Amino acid sequence: MRSNKFTEEFERHTGGAFPMLKFRSACYQKDTGMLAVRFLISAYAARAFGDDQKKKVDDVLKEMFAGVDVHAEYIRTYADDGTVRNKVAEYFNSHNPLVFRTLTQESVTVSVDESNVSVTLALDPAICTMLRHSDAVNELRDWLDSNFNQDISVTLRETEGAPPPEFDDTTQSVVVTDSAMRMISVEPGEKIYARGKIAGISRMPAYIGDVKGAVDDVVLCGRINGITKRTYKNKKYDPDDPKKGPEELPLIRFFLDDTTGRIECVCFPRPDDAEAFDALNERDEVICTGKVTISSYNGAPSYALNAMFRAKIDYSSIQAAASKPVPARYSVLKPVPYSEPEVKKSLFDDGEEKPVPEYFKGKTFVVFDFEATGLDIASIEPIEIGAAKIKDGKVTETFTTLLDPKCHIPDEVAEKTAITDDMVRGMPTFKEVLPDFYKFTRGAVLVGHNISGYDFPLLSKYASAAGYTFDNELEDTLILARRYLPEARHAGLEALSRTFGITHVNAHRAMGDVFATVEVLRIIAERI
């Protein structure tokens with residue numbers, strides 16, 4: 001950990017009681033008179049860092065900054081070989097494209113443990129000399145130090161190799177073929193939105209699938225999905241001061257998908273700039289620059305945009321994610337054949353069989369839902385999974401079980417779901433069920449209500465650890481409902497069930513929510 005006066009004083013005041021925290025920055029907001037002290041904390045340490053510890057940190061900060069309204073903010077970080085390797089590539093892509101063009105999988109060696117991140121760069125002697133003279137090693141170390149909780153070391157090692165390729169300083173974008181550093185080749189187009197004087201984006205985008213923690217400045221690209229535009233109240237509004245802006249300000253939300261992952265994006269443009277987003281359509285390709293933060297509500301990443309440009313993405317430059325093969329047979333949990341019950345699905349169902357909407361024809365969908373021990377993706381454990389497979393508009397199979405989280409189910413969750421510790425004791429863990437669920441979902445579009453913000457991030461956490469890649473297309477009925485069911489005042493699953501007369505039995509149980517989502521999807525399919 002880089003030594004600084006604040007770190008020394010903080011350790012002195014706490015007696016070294018918080019080794020899991022690394023000071024990152026401090027920001028004083030003049031208009032509110034509040035000082036925010038930001039700490040890095042690993043995703044794993046954050047699980048055990050509770051409210052009592054946070055209160056102790058705030059108390060120490062108030063002691064250190066007497067008379068100042070001060071509080072701590074926590075930025076979760078995640079470090080593994082791939083994440084660190086791509087941060088190295090991102091640094092050179094931004095600061096030294098000449099070096100970036102020489103990087104290969106073999107030239108960057110990474111070692112990660114709970115306390116340290118070590119990076120060794122094995123490069124041509126001429127490149128090493130240039131980096132030493134430019135102080136790039138220290139700059140890279142500082143870059144990694146601001147992104148990861150561990151102590152950072154960077155070492156240069158000279159190797160025998162071919163001379164670096166020629167580089168034209170006038171090139172506006174860098175293109176790498178057969179790169180092992182997981183960057184995407186993109187041709188930027190016209191500007192859609194930019195804060196300040198951002199005239200273009202010359203860096204290559206990183207993979208969305210590689211974004212596992214907070215990042216101050218990152219370039220991402222992909223197709224947009226579920227774009228919405230609304231307003232929020234301007235806290236600075238003053239009817240007597242036009243400079244404070246209007247009473248309502250625009251807020252743009254959408255999801256960005258580059259086939260390696262999906263991330264929620266938010267943008268707070270000026271009122272005059274908001275109209276530019278009206279020209280965007282679903283699945284338009286864009287390249288963006290901005291800041292990734294981790295939601296304190298559900299632990300999922302959120303991308304705040306500083307600029308957006310239209311783009312032509314070379315998807316052939318994206319390396320297919322490695323994954324374990326599909327299991328030959330179900331080993332823990334087998335799907336069960338499903339027969340439609342002879343009952344009406346909703347108040348709008350007259351009992352007659354309706355034609356299958358074109359949206360369903362020739363497609364397979366798996367609608368799934370988790371019940372879990374909480375909302376924070378980084379720390380919760382699944383306690384139930386439910387899924388239904390739809391082929392050509394008909395439910396054909398179900399896949400469901402209670403799951404043992406190997407921890408206590410919080411009382412508020414047990415009350416909401418009616419799932420208790422006794423019910424899950426002895427049931428399989430989701431880690432054990434995961435290979436069977438992977439087999440069940442192959443070739444299907446994954447569907448869920450708020451799948452992008454909850455169920456899929458939770459699934460991806462376990463899949464990544466187990467070596468499985470769920471590269472399925474995703475459909476979020478929450479997003480689709482907002483677009484295709486405008487008469488619904490609220491897009492929550494229970495609210496939609498009330499609005500459209502859907503029988504939603506056992507709400508907050510996995511299969512109850514799955515079948516309600518199936519009915520919402522059917523209504524949306526008719527609109528599409």
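Heads up: numbering here begins at 1 and tracks the sequence. Computed from a predicted structure; not experimentally measured.
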Where Pro382 and Leu458 come nearest, the two heavy atoms and their spacing: CG-CD2, 4.2 Å

Proximity of Phe23 and Phe10 rings by center, below 6.0 Å: no

Arg262 and Ser452 side chains, donor-acceptor separation under 3.5 Å: yes

Asn306 backbone acceptor or donor facing Thr289 side chain under 3.5 Å: no

Flag side-chain contact, heavy atom, 4.5 Å: Thr83 against Asp210: no

Side-chain touch Val286/Leu280, heavy atoms, less than 4.5 angstrom: yes

Nearest-0.5 Å distance, CG of residue Asn138 to CZ of residue Arg141: 4.5 Å

Glu371 with Arg509: basic N within carboxylate O range, under 4.0 Å: no

Audit row: Thr231, Leu249, side chain to side chain contact (heavy atoms under 4.5 Å, CB included) steps and yes/no: CA-CA 5 Å; Thr231 59; Leu249 293 172; over 6 Å; no

side-chain hydrogen bond (donor to acceptor under 3.5 Å, both in side chains), paired with Asp59, selected from Lys62, Lys55, Lys56: Lys55

Heavy-atom closest pair, residues Leu305 and Cys265: CD1-CB, 3.8 Å

Check against side chain to side chain contact (heavy atoms under 4.5 Å, CB included), Lys312 and Val186: CA-CA 6 Å; Lys312 184 176 181 181; Val186 174; over 6 Å; no

Lys22 (side chain) donor-acceptor with Phe148 (main chain) under 3.5 angstrom: yes

Leu496 side, atom CG; Arg489 side, atom CZ - distance, nearest 0.5 Å: 13.0 Å

Exam field: side chain Asp476 to backbone Asn450, donor-acceptor pair closer than 3.5 Å: yes

Close side-chain approach of Met183 and Asn93, heavy atoms under 4.5 Å: yes

Donor-acceptor side-chain pairing of His449 and Thr477 below 3.5 angstrom: yes

Step-by-step side chain to side chain contact (heavy atoms under 4.5 Å, CB included) determination, Ile75 to Arg24: CA-CA 9 Å; Ile75 301 171; Arg24 188 187 196 189; 3.2 Å; yes

Exercise: do Asp258 and Thr260 side chains pair donor with acceptor under 3.5 Å: yes

Any Phe456 side-chain heavy atom under 4.5 Å of Phe370 side chain: no

Glu248 atom CD: more than 12 heavy-atom contacts under 6.0 Å: yes

Donor + acceptor pair across side chains of Glu282, Asn225 (<3.5 Å): yes

Ring center gap for Phe309 and Tyr193 short of 6.0 angstrom: no

Donor-acceptor pair between Glu73 and His71 side chains, under 3.5 angstrom: yes

Derivation and outcome, side chain to side chain contact (heavy atoms under 4.5 Å, CB included), residues Ser153 and Val119: CA-CA 6 Å; Ser153 65; Val119 176; over 6 Å; no

Salt-bridge criterion met for Glu264 and Arg253 (N-O under 4.0 Å): yes

Inter-residue atom distance Ile263.CD1 - Asp257.CG, 0.5 Å rounding: 11.0 Å

Over 12 non-hydrogen atoms of neighbours within 6.0 angstrom of CG in Asp51: no

Distance-minimising heavy-atom pair for Ser379 and Lys461: N-NZ, 4.3 Å

Heavy-atom check, side chain of Cys288 versus side chain of Met308, under 4.5 Å: yes

Beyond-backbone contact of Leu220 with Tyr303, side-chain heavy atoms, under 4.5 angstrom: yes

Close side-chain approach of Phe100 to Met204, heavy-atom, < 4.5 Å: yes

Lys229 bridged to Asp278 by N-O distance under 4.0 Å: yes

Contact summary for Ile524 and Ala481, nearest pair of heavy atoms: CD1-N, 3.8 Å

Cation-aromatic face contact Arg527/Tyr484, 6.0 Å, 45 degrees: no

Spacing of Gln53 atom CD and Thr14 atom OG1 [to the nearest 0.5 Å]: 11.5 Å

Flag, side chain of Asn149 to backbone of Met20, donor-acceptor distance under 3.5 Å: yes

Beyond-backbone contact of Asp369 with Ile385, side-chain heavy atoms, under 4.5 angstrom: no

Ile152: which of Asn147, Leu144, Asn116 passes side-chain contact (heavy atoms from CB on, under 4.5 Å): Leu144

Closest approach of Ala72 to Asp58 (non-hydrogen atoms, all atoms of both residues): N-OD1, 3.0 Å

Tyr91-Glu139 side chain donor-acceptor pair, cut-off 3.5 Å: yes

Sidechain-backbone polar pair: Thr469 side chain, Asp471 backbone, donor-acceptor under 3.5 Å: no

Donor-acceptor contact present, side-chain Glu519 to main-chain Ile502, <3.5 Å: no

Interatomic spacing from CG in Asp238 to CD in Glu247 - rounded to 0.5 Å: 11.0 Å

Electrostatic pair Asp284-Arg310, nearest N-O below 4.0 angstrom: yes

Salt bridge Lys5-Glu8, side-chain N to carboxylate O under 4.0 Å: no

Parallel, tilted or perpendicular, as decided by the 30° and 60° cut-offs, for the rings of Phe39 and Phe6: tilted

Neighbour count >12 (heavy atoms, 6.0 Å) for atom CD, Glu9: yes

Check: Trp143 side chain, Lys87 main-chain N or O, donor-acceptor pair, under 3.5 Å: yes

Spacing of Leu140 atom CG and Asn96 atom CG [to the nearest 0.5 Å]: 11.0 Å

Nearest heavy-atom neighbours spanning Phe254 and Ile227: CB-CA, 3.6 Å

